[in-house]
Colleague: 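Quick one: structure below, then a few questions.
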Amino acid sequence: MLATRPRGTNDILPGKVEYWRKLEDVIHEICQQYGFREIRTPIFEHTELFARGVGETTDIVEKEMYSFLDRGKRNITLRPEGTAPTVRAFLENKFYAEPQPTKLYYIGPMFRYGRPQAGRFRQFHQFGVEVFSSHDPSIDAEVIALAMDYYKRLNISGLELHLNSVGCSKCRPAHKEKLLEHLKEQYTNLCPTCQGRYEKNPLRIFDCKNDTCQKLISAAPAITDCLCDDCREHFEQVQKYLKEINIEYIVDKKLVRGLDYYTKTAFEIMVEDIGAQSSIGGGGRYDRLVKECGGSDTPGIGFAMGLERVILTMEQQGLLKDTKFEQDVFVATVDSSLDLEAFKILQILRSEGLSAEKDYMGRSLKSQLKYADKLGVSHVLVLGQDELATGSITVKKMETGEQTQVQLAEFVSYIKKETNF
RNA sequence: GUGGGUGUAGCUCAGCAGGCUAGAGCACCAGAUUGUGGCUCUGGGGGUCGUGGGUUCAAGUCCCAUCAUCCACCCCA
């Protein structure tokens with residue numbers, strides 16, 4: 001246990017970190033182009049923020065939060081998602097006092113307690129965006145477009161964008177009534193969890209993978225067919241905007257996102273290549289959340305995507321190549337008495353912007369060469385008594401094996417030229 | 001939280017129905033005469049057989065528990 005990482009966590013090792021950097025680079029670039037600014041919120045928040053924000057009856061709050069009492073007896077939770085903290089920051093920092101909308105994005109670790117499996121971890125990473133203050137359907141379309149554009153820039157293929165509208169506080173109650181009415185006689189045929197949903201959150205029954213539940217629910221009235229005028233118009237506009245920029249989507253009437261706060265637009269992006277956890281990203285509109293968190297009535301919309309799943313997909317699709325760690329120069333010494341000279345030369349090379357390495361293990365010259373070869377340097381400087389006597393240094397080009405004597409005063413410019421620096 | 005698979009050197013694995021000092025390949029380190037890599041050869045270091053119990057004269061090999069890991073369910077990213 002001492003040298004074992006906690007369950008569901010991962011070390012991102014050298015060689016893989018480059019993947020993450022790549023994803024992050026593209027995130028910063030695309031968000032800048034779409035007019036989003038980065039925000040970094042704490043890794044932990046007051047538990048009540050998530051309890052209220054995410055929803056008391058959600059699985060996240062009921063059984064997946066990493067919560068604890070700190071030494072001041074405060075109830076703290078490691079953030080399970082990024083929307084609630086962003087809303088909190090929006091309110092706490094009074095972003096609403098500035099010209100609206102507020103467009104923010106974040107990247108960072110999230111925590112949920114559950115059994116790990118392919119594409120699911122206890123600590124995982126999300127990239128998400130949030131927009132506050134606008135009801136406009138064009139912003140819904142923009143948020144979706146940003147997500148799709150991101151995958152596109154990473155060359156990910158085989159995605160399906162599922163789109164739905166889950167209505168608002170005006171049309172939901174009427175639909176709920178119809179739904180309950182429809183399912184009433186079939187109640188006993190529902191699976192146990194759906195019987196629970198029937199009471200708590202009947203909309204979620206659409207999500208059930210149980211065959212009989214699916215059969216029952218497919219005949220039931222979909223929320224999408226019961227939208228109020230406002231929601232229907234909004235949904236149509238979102239679709240119109242998406243069509244105009246050629247984003248393909250599937251209207252999925254069964255798409256009901258898990259978190260309580262969603263209203264109107266709901267979407268989810270799926271891939272086949274990553275196992276059972278096929279959702280690579282998702283989001284939607286949350287017009288009541290800001291108010292729920294103590295703010296004024298402020299609409300919002302956003303998405304979050306799981307970076308581990310993005311990477312998993314890219315690996316499956318062969319889009320990520322292992323990068324070799326390469327350095328320019330290795331400084332070898334014929335015997336250890338020259339180590340100080342080598343050390344000084346290293347610093348000169350580095351100050352000139354080259355990457356350079358020497359031996360720290362007391363290796364023989366032969367072993368140093370072997371080691372240098374494994375490091376993949378293009379050139380080795382050999383320093384020995386002969387060189388010292390003539391005030392020169394031997395430069396060996398590893399690819400060809402050819403060596404040349406270079407005066408100490410000139411070796412830097414020589415190396416730079418050689419390495420096309 | 002539920003179910004199933006797996007757990008032997010750094011890595012990939014072998015270890016036959018329980019029986020002698022637990023092996024291989026790769027990796028690592030060092031040599032193959034005097035200051036030099038990539039090929040080859042030789043040698044070397046390294047294993048609490050996940051952990052803890054139990055059965056047995058004897059367990060890496062059987063049983064139980066536990067931990068970890070993988071996959072699936074629940075749910076989600």
Side-chain angles (χ1 to χ4, degrees), chain A residues 1-10 54-55 57-65 79-83 107-128 147 191-194 196-197 201 204 207-210 255-259 268-271 274-283 302-313 330 332-338 359 361-389 394-403:
Chain A
M1 290 297 284
L2 183 60
T4 309
R5 64 185 189 279
R7 182 166 212 193
T9 63
N10 283 111
V54 179
T57 62
T58 58
D59 273 32
I60 291 181
V61 172
E62 280 181 349
K63 55 182 198 185
E64 292 181 344
M65 292 207 298
R79 37 128 107 134
E81 55 101 57
T83 300
I107 312 173
M110 305 293 165
F111 306 83
R112 287 181 205 175
Y113 188 94
R115 288 274 197 96
Q117 73 186 73
R120 168 179 293 151
F121 305 97
R122 289 185 174 176
Q123 175 174 159
F124 59 103
H125 298 77
Q126 287 188 333
F127 152 47
C191 72
T193 44
C194 280
R197 286 168 174 158
N201 191 351
R204 301 296 317 277
D207 249 354
C208 190
K209 284 168 191 164
N210 182 300
L255 173 62
V256 181
R257 308 220 68 233
L259 310 183
E268 193 156 339
I269 297 121
M270 326 277 271
V271 226
I274 56 174
Q277 308 309 316
S278 57
S279 170
I280 188 175
F303 72 70
M305 62 176 76
L307 263 23
E308 280 80 1
R309 290 183 188 177
V310 173
I311 286 178
L312 201 58
T313 305
F330 186 90
T333 55
V334 171
D335 72 78
S336 57
S337 68
L338 295 161
D359 172 57
M361 303 301 290
R363 277 181 251 253
S364 65
L365 179 61
K366 189 187 180 81
S367 290
Q368 288 180 60
L369 265 294
K370 234 181 217 178
Y371 179 55
D373 185 49
K374 278 167 195 157
L375 287 181
V377 299
S378 61
H379 296 267
V380 172
L381 300 184
V382 181
L383 199 55
Q385 308 303 342
D386 298 351
E387 285 81 358
L388 210 61
T394 300
V395 180
K396 176 171 183 135
K397 189 172 184 179
M398 293 302 269
E399 200 182 330
T400 61
E402 62 186 313
Q403 302 192 167

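Just so it is clear: chains get the letters A, B, ... in the order the sequence lines come, proteins before strands, and each one is counted from 1.
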Colleague: A:Glu387 vs A:Thr394, test: side chain to side chain donor-acceptor pair (under 3.5 Å). Steps then yes/no.
Modeller: CA-CA 7 Å; A:Glu387 285 81 358; A:Thr394 300; 2.5 Å; yes
Colleague: Identify the nucleotide, in any strand shown, that forms a Watson-Crick or G-U wobble pair with B:rA68, with both distances under 3.5 Å; if there is none, say none.
Modeller: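 Its partner is B:rU6 (Watson-Crick or G-U wobble, both distances under 3.5 Å).
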Colleague: Without decimals, in angstroms, what is the distance between A:Met270 CE and B:rC76 C1'?
Modeller: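 Rounding to the nearest Å, CE of A:Met270 and C1' of B:rC76 are 11 Å apart.
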Colleague: What integer number of Å spans the P atoms of B:rG4 and B:rU66?
Modeller: 13 Å
Colleague: Between B:rC62 and B:rC49, how far apart are the two C1' atoms, rounded to whole Å?
Modeller: 16 Å
Colleague: Would you kindly check whether a donor in the side chain of A:Arg309 faces an acceptor in the base of B:rC76, or vice versa, at under 3.5 angstrom?
Modeller: yes
Colleague: Looking only at atom C1', what distance separates B:rA68 and B:rA27, rounded to whole Å?
Modeller: 25 Å
Colleague: Give a yes/no verdict on base stacking between B:rA77 and A:Phe124: centres under 5.5 Å, planes within less than 30° of parallel.
Modeller: yes
Colleague: With rounding to whole Å, what would you report as the distance between B:rG25 and B:rC64 at their P atoms?
Modeller: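 Those two atoms are separated by 36 Å.
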Colleague: When you match A:Asp59 and A:Leu369 each to their closest nucleotide on RNA chain B, which lands nearer the 5' end?
Modeller: A:Leu369
Colleague: If you find the nucleotide of RNA chain B closest to A:Gln277 and the one closest to A:Val334, which residue's nucleotide is nearer the 5' end?
Modeller: A:Val334
Colleague: Looking at A:Lys63, does any N or O in its side chain come under 4.0 Å of the phosphate oxygens OP1/OP2 on B:rC76?
Modeller: no
Colleague: If the cut-off is 4.0 Å, is A:Arg363 near the phosphate of B:rC29, judged by side-chain N/O to OP1 or OP2?
Modeller: yes
Colleague: So does A:Glu62 reach the base of B:rG1 with its side chain, donor to acceptor, closer than 3.5 Å?
Modeller: no
Colleague: Is there a side-chain contact between A:Arg115 and the phosphate of B:rC73, meaning an N or O under 4.0 Å from OP1 or OP2?
Modeller: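 Looking at the OP1 and OP2 atoms of B:rC73, neither is under 4.0 Å from any side-chain N or O of A:Arg115.
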Colleague: Does B:rC28 have OP1 or OP2 sitting under 4.0 Å from an N or O in the side chain of A:Lys374?
Modeller: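 For B:rC28, OP1/OP2 do have a side-chain N/O of A:Lys374 under 4.0 Å.
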Colleague: Could you check whether A:Tyr371 gets within reach of a base, just the sugar-phosphate, or nothing at all, counting any heavy atom under 4.0 Å?
Modeller: nothing
Colleague: Is A:Lys396 side chain donor-acceptor paired with the B:rG37 base, going by distance under 3.5 Å alone?
Modeller: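 Between B:rG37 and A:Lys396, which were checked side chain against base, a qualifying N/O pair under 3.5 Å is present.
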Colleague: Does a side-chain N or O from A:Gln403 land closer than 4.0 Å to OP1 or OP2 of B:rU36, or not?
Modeller: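 A:Gln403 to B:rU36 OP1/OP2: no side-chain N or O under 4.0 Å.
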Colleague: Taking atom types as they are modelled, would you say the side chain of A:Asp373 forms a donor-acceptor pair with the base of B:rG38 within the 3.5 Å cutoff?
Modeller: no
Colleague: Give a yes/no on whether any side-chain N or O of A:Ser367 is located under 4.0 angstrom from OP1 or OP2 of B:rA30.
Modeller: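 So the side chain of A:Ser367 is within the cut-off, an N or O lying under 4.0 Å from OP1 or OP2 of B:rA30.
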